[in-house]
Novice: 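Okay, handing you the structure first.
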Protein chains: 2
Amino acid sequence: MQDIQDVIESRYERLAAGDVAGMQACYAPKVVQFSLAPPLGALMDGRDPGPLNAWLATFEAPPKRTVTQLEITTSGDVAFATSIDSMTATPKGGDSPFTLWYRMTVGLSRVDGQWLIVHEHASVPFYMDGSFRAAVDLEP
Amino acid sequence: MQDIQDVIESRYERLAAGDVAGMQACYAPKVVQFSLAPPLGALMDGRDPGPLNAWLATFEAPPKRTVTQLEITTSGDVAFATSIDSMTATPKGGDSPFTLWYRMTVGLSRVDGQWLIVHEHASVPFYMDGSFRAAVDLEP
C-alpha cells in the first residue's frame with residue numbers, strides 16, 4: 001500500500017512546493033470532484049492547470065496540507081482511502097492565516113502500473129442547530 | 001456491478017420502509033463514517049440500532065433518500081461509488097418538510113461473497129463568501 005500512500009501524500013507536498021504539474025501527475029485525466037466549495041459535484045480535468053493556478057493565486061503562498069488518520073482499502077487495481085486532513089494558508093488581501101480541518105476520501109485506480117486519483121471528496125460537516133453553519137472550527 | 005448497486009440502493013429503500021435491521025445488514029460491523037453532522041469522523045458500529053433509531057425518532061416518518069448519478073469503480077473485492085443523493089423528510093415538532101441534496105461516496109468490501117459498506121462520506125459544500133454557510137440549497 002506504500003505506493004498508494006505515496007500518491008496521496010505527494011500531491012500535497014508537490015502543491016506546497018508550488019509544483020502544479022507534479023501535483024496533477026497524481027491525478028487521472030478525469031476526476032469526480034466533490035470539493036469544499038460548490039458546486040455539489042464536478043467532473044474535473046486533471047490535466048488543466050488553470051483552475052488550480054487561479055486558486056493558488058488567492059493565497060500569499062501555496063497552502064500546506066497534511067494527511068492524518070490515513071486508512072487505505074485496496075484490492076486488485078482499485079483503492080479508496082479515508083483521512084482527516086488539514087490546510088493551512090494565508091489569503092491575499094490582509095486576512096489572517098487559517099488552519100482548516102476537513103474529511104477526505106480519495107478513490108484511486110491503477111492504470112499501466114501507476115496509481116492515479118480518480119475521485120476526491122473533501123468536506124466539513126455542518127451544525128444541525130438551525131444555523132446551517134459549516135463546521136470549520138472542528139479539530140481531530 | 002449490479003450487486004454493488006443493489007447494496008447502495010437497498011440501504012435507502014430499507015430505511016424508507018423503517019427496516020432498521022435490514023438497512024444495517026448492508027453495513028460492515030465497523031464503518032468509517034463522515035456524516036452530514038459533526039464530528040469530523042467516527043468509527044460507527046454498523047450493528048448498533050440505537051443511534052439510527054434515535055435519529056429516525058426526530059422525523060414524522062423515515063426519510064426517503066434517492067441515489068442519482070451513481071458511478072461505481074471496482075476491482076477484486078473492493079469498490080467505491082460516487083453519487084448525488086437526496087433526502088426528503090418532515091421533522092417532528094411542526095417544521096416543514098424539506099429536501100436536501102448532498103454528495104455521497106461509499107466504500108465497500110466483499111466479505112464471504114457479500115458486498116458490505118465499510119465507509120460512507122456524506123456532505124454538502126459550503127459558501128466561500130465569508131458566510132461559511134453550508135450549501136443546503138443546491139440541486140443537481
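The sequence lines fix the lettering, A, B, ..., with proteins before strands; numbering per chain opens at 1.
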Novice: Between B:I84 and chain A, with a heavy-atom cut-off of 4.5 Å, which part of the residue counts as in contact: side chain, backbone, both or neither?
Specialist: side chain
Novice: Should A:W115 and A:M44 be regarded as members of a common hydrophobic cluster, given that ILVMFWY residues are connected when their side-chain heavy atoms come within less than 4.5 Å of each other, either directly or indirectly?
Specialist: yes
Novice: I need the residue from A:S109, A:A37, A:A79, A:P39 with the largest number of non-hydrogen atom pairs under 4.5 Å to chain B.
Specialist: A:A37
Novice: Taking atom OG of A:S123 and atom CG of B:L40, what is their separation to the nearest 0.5 Å?
Specialist: 8.5 Å
Novice: Are A:M1 and A:V111 connected in a single hydrophobic cluster, I mean Ile/Leu/Val/Met/Phe/Trp/Tyr linked by side-chain heavy atoms less than 4.5 Å apart?
Specialist: no
Novice: With a 4.5 Å cut-off on heavy-atom pairs, point out which of B:G41, B:G107, B:A135 contacts chain A the most.
Specialist: B:G107
Novice: For A:M128 and B:L36: C-alpha separation, side-chain torsions, deciding distance, then whether side chain to side chain contact (heavy atoms under 4.5 Å, CB included) applies.
Specialist: CA-CA 9 Å; A:M128 302 225 173; B:L36 290 170; 3.6 Å; yes
Novice: With chain A as the partner, which of B:G76, B:A122, B:A134 has the greatest number of non-hydrogen pairs under 4.5 Å?
Specialist: B:A134
Novice: Examine whether an atom of B:S83 lies under 4.5 Å from a heavy atom of chain A, and if so say whether it belongs to the side chain, the backbone or both; otherwise answer neither.
Specialist: backbone
Novice: Atom CZ of B:R103 and atom OG of A:S35: how far apart are they, to the nearest 0.5 Å?
Specialist: 7.0 Å
Novice: How close do A:S75 and B:V78 get, heavy atom to heavy atom, and via which atoms?
Specialist: CB-CG2, 3.5 Å
Novice: Please lay out, stage by stage, how A:T73 and B:H119 fare under the test side chain to side chain contact (heavy atoms under 4.5 Å, CB included).
Specialist: CA-CA 10 Å; A:T73 305; B:H119 169 56; over 6 Å; no
Novice: Does the plane of the ring in A:F80 sit parallel, tilted or perpendicular to the ring in B:F80? Use 30° and 60° as the thresholds.
Specialist: perpendicular
Novice: Quick check on B:T105 against chain A: is it the side chain, the backbone, both or neither that has a heavy atom closer than 4.5 Å?
Specialist: both
Novice: Under a 4.5 Å heavy-atom cut-off, does chain A meet the side chain of B:Q69, its backbone, both or neither?
Specialist: neither
Novice: Are B:I72 and B:L108 connected, step by step, through hydrophobic side chains (Ile, Leu, Val, Met, Phe, Trp, Tyr) whose heavy atoms are closer than 4.5 Å?
Specialist: yes
Novice: Heavy-atom cut-off 4.5 Å, strictly under: side chain, backbone, both or neither for B:H121 against chain A?
Specialist: both
Novice: Find the distance between CZ (B:F126) and OH (A:Y102) and round it off to the nearest 0.5 Å.
Specialist: 11.0 Å
Novice: Tell me whether B:L52 is reachable from B:V32 by hopping between hydrophobic residues (I, L, V, M, F, W, Y) whose side-chain heavy atoms are closer than 4.5 Å.
Specialist: no
Novice: Between B:P38 and A:P125, which heavy-atom pair has the shortest distance, and what is it?
Specialist: N-CB, 3.5 Å
Novice: With sequence neighbours left out, what residues match A:D45 under side-chain hydrogen bond (donor to acceptor under 3.5 Å, both in side chains)?
Specialist: none
Novice: Select one option (side chain, backbone, both, neither) describing which atoms of B:V124 are under 4.5 Å from chain A's heavy atoms.
Specialist: both
Novice: Where does A:S131 contact chain B at under 4.5 Å (heavy atoms): side chain, backbone, both or neither?
Specialist: neither
Novice: Starting from A:V118, can I reach A:F34 by hopping between I/L/V/M/F/W/Y residues whose side chains sit under 4.5 Å apart?
Specialist: no
Novice: Could you tell me which portion of B:T74 (side chain, backbone, both or neither) has an atom closer than 4.5 angstrom to a non-hydrogen atom of chain A?
Specialist: backbone
Novice: Tell me, yes or no, whether the heavy-atom count around B:K64 atom NZ, taken from other residues, nucleotides or ligands under 6.0 Å, exceeds 12.
Specialist: no
